[in-house]
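Inspection log for the structure reproduced underneath, given as structure tokens.
What you see is a predicted model, and the numbers here were worked out from it, not measured in a lab. When a ligand or atom number is given, it counts from 1 through the structure's own listing order.
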Amino acid sequence: MITTKLPKVGTTIFTVMSALAQKHNAINLSQGFPDFRVNENLVKEVTKAMNNNFNQYAPMAGFMPLREQIAQKIEKMYGISSNPDTEITVVSGASEGIFAAIAATVRENDEVIIFEPAYDLYVPAIELQGGIVRHISLSAPSFRPDFEQLKRLISPKTRLIIFNTPHNPTGTTWTTEDLETLDSLLEGSRILVISDEVYEHLIFDNQKHQSVLSYPNLKERSFAVFSFGKTFHATGWKVGYVIAPQKLTAELRKIHQYITFSTVTPIQVALAEFLKNEENYIHLADFYQEKRDYLCKLLAQTNFGFTPTQGTYFQLVDYSKISDQKDTDFAIWLTKNIGVASIPISPFYQNENNNSAKILRLCFAKNNETLEKAVEKLSKL
Ligand SMILES: Cc1ncc(COP(=O)(O)O)c(C=O)c1O
């Protein structure tokens, strides 16, 4: 018979909450996906690519015109040049990119440092490689990274550090100073970095996204991972890309070619066209900031506490004035009795002691009408 390789992994909280939302006909602010449409022109480009017979395997590393457009976008945004041939790989979602980067670098008993709450893919991917997870807890209300703790955790066994900015689920963003501190802590070490930047465009209040790519020493040791799903409201397409120096890219591709070999062709062809016009992505922060502000304006009339999120399309809310229940219990209660599905924060932590905060995550990538209906229900509490 079979002994599981991932004994701690069950059904994810996203699946549980979405199923519960459906069963109770609740407004679903749980899973992170937009309920508005993909740009019509992008959909037309996909149809055109299919009609033009771009339906067979794409090159393993990605459709070259798309990689060239990605290089131009990166240059425009972060002022650095990257070689489409040797440093850019198109992958089937950021998830595949992160998994492949972990598989390419982590060996049995290597230590990997992550910041918790963490995106749920990181820990199982590390453990499948026999790696050991060391975590730094980000604590409410600020969820800022503690670099003193990071310094203490770094050991000769540390192989990899994974961080995520703007951060899911807390919305925290790393500053220039944070990246400079990380850079100096890693100086002279052989430690590699995965920088999960899938929410690069979703950053508010005139902040500039701090990509690992803008820091030359960090860039040399990093896999920077991005997602078109987040940028173009098309999470179901699962197309992303990884930027890494040539040597790291070569190892990443060895894994990528045996996970998926290559990524869906017509969508790559369509994205190559769509990216030519920067108007298609530079206004995203304004668009989502309006949504955030609208949700916060509505929430101000409720008993939920909150600080406007700095990035991503997630807003954390504190329900300590409303209930003493544990966050998972309260999220289930809220779905069944009030009709709003959210995501509790504790499943993003491995350590039970770090999740006593009474906080839920709401996704605001939704039409205003959906947000209004949800908050109308929440205001009953
Ligand atoms: C922090 C983070 N990283 C990675 C991903 C995965 O992105 P993709 O859908 O492109 O695989 C997500 C998706 O929710 C995410 O929130």
Side-chain angles (χ1 to χ4, degrees), residues 12-18 28-35 38 42 62 66 70 88-103 112 114-126 135 138 143 145 160-174 193-203 209-212 222-243 252 255-256 259-260 262-264 267-268 271 281 284 288 309-316 342-343 345 347-349 361-366:
T12 75
I13 189 68
F14 308 106
T15 309
V16 171
M17 292 311 298
S18 279
N28 192 355
L29 303 188
S30 61
Q31 212 172 349
F33 60 84
D35 74 352
V38 172
L42 180 53
L66 175 58
I70 293 170
I88 300 176
T89 309
V90 179
V91 287
S92 301
S95 309
E96 195 222 317
I98 295 166
F99 191 94
I102 290 172
V112 181
I114 66 168
F115 295 83
E116 282 190 350
Y119 186 57
D120 64 345
L121 161 78
Y122 305 160
V123 171
I126 296 161
H135 60 263
L138 306 170
F143 295 100
L160 188 65
I161 293 176
I162 306 179
F163 75 96
N164 166 222
T165 181
H167 182 251
N168 174 12
T170 68
T172 313
T173 54
W174 280 33
V193 169
I194 294 177
S195 176
D196 180 344
E197 304 185 24
V198 300
Y199 299 102
E200 66 174 326
H201 292 291
L202 279 64
I203 184 155
H209 169 59
Q210 295 304 318
S211 173
V212 80
S222 296
F223 298 89
V225 185
F226 301 86
S227 169
F228 286 119
K230 306 291 177 189
T231 303
F232 293 129
H233 318 316
T235 57
W237 289 1
K238 296 296 286 188
V239 181
Y241 56 98
V242 181
I243 316 268
L252 176 98
I255 308 286
H256 161 70
I259 302 181
T260 55
S262 65
T263 295
V264 57
I267 290 180
Q268 291 197 61
L271 286 168
Y281 56 83
L284 208 60
Y288 274 111
T309 194
Q310 288 302 291
T312 73
Y313 45 45
F314 302 116
Q315 175 64 53
L316 295 186
S342 59
I343 291 284
I345 295 303
F348 291 76
Y349 287 97
R361 189 196 81 175
L362 305 179
C363 173
F364 57 83
K366 308 289 169 191

Indicate whether any N or O donor in one side chain lies under 3.5 Å from an N or O acceptor in the other, for [X] and [Y].
{"X": "Tyr122", "Y": "Asp196", "answer": "yes"}
{"X": "Glu96", "Y": "Thr260", "answer": "yes"}
{"X": "Gln31", "Y": "Ser18", "answer": "yes"}

Worksheet entry | Non-hydrogen side-chain atoms of Thr312 and His167 separated by less than 4.5 Å | no
Show me a pair-per-line table, with atom names and distances to 0.1 Å, of protein N or O atoms that are under 3.5 Å from an N or O of ligand 1.
unit_1: ligand 1; atom_1: 3 (N); unit_2: Asp196; atom_2: OD1; d: 3.3
unit_1: ligand 1; atom_1: 3 (N); unit_2: Asp196; atom_2: OD2; d: 2.6
unit_1: ligand 1; atom_1: 9 (O); unit_2: Lys238; atom_2: NZ; d: 3.2
unit_1: ligand 1; atom_1: 10 (O); unit_2: Ala94; atom_2: N; d: 2.8
unit_1: ligand 1; atom_1: 10 (O); unit_2: Ser227; atom_2: OG; d: 2.7
unit_1: ligand 1; atom_1: 11 (O); unit_2: Ala94; atom_2: N; d: 3.1
unit_1: ligand 1; atom_1: 11 (O); unit_2: Ser95; atom_2: N; d: 2.9
unit_1: ligand 1; atom_1: 11 (O); unit_2: Ser95; atom_2: OG; d: 2.6
unit_1: ligand 1; atom_1: 11 (O); unit_2: Lys238; atom_2: NZ; d: 2.7
unit_1: ligand 1; atom_1: 14 (O); unit_2: Lys230; atom_2: NZ; d: 2.7
unit_1: ligand 1; atom_1: 16 (O); unit_2: Asn168; atom_2: ND2; d: 2.9
unit_1: ligand 1; atom_1: 16 (O); unit_2: Tyr199; atom_2: OH; d: 2.7

Fill in: Distance-minimising heavy-atom pair for Lys230 and Leu284
O-CD2, 4.4 Å
Discussion item. Check whether Phe33 forms a cation-pi arrangement with Lys366 (NZ or CZ under 6.0 Å from the six-membered ring centre, at most 45° off the ring normal).
Written reply: yes
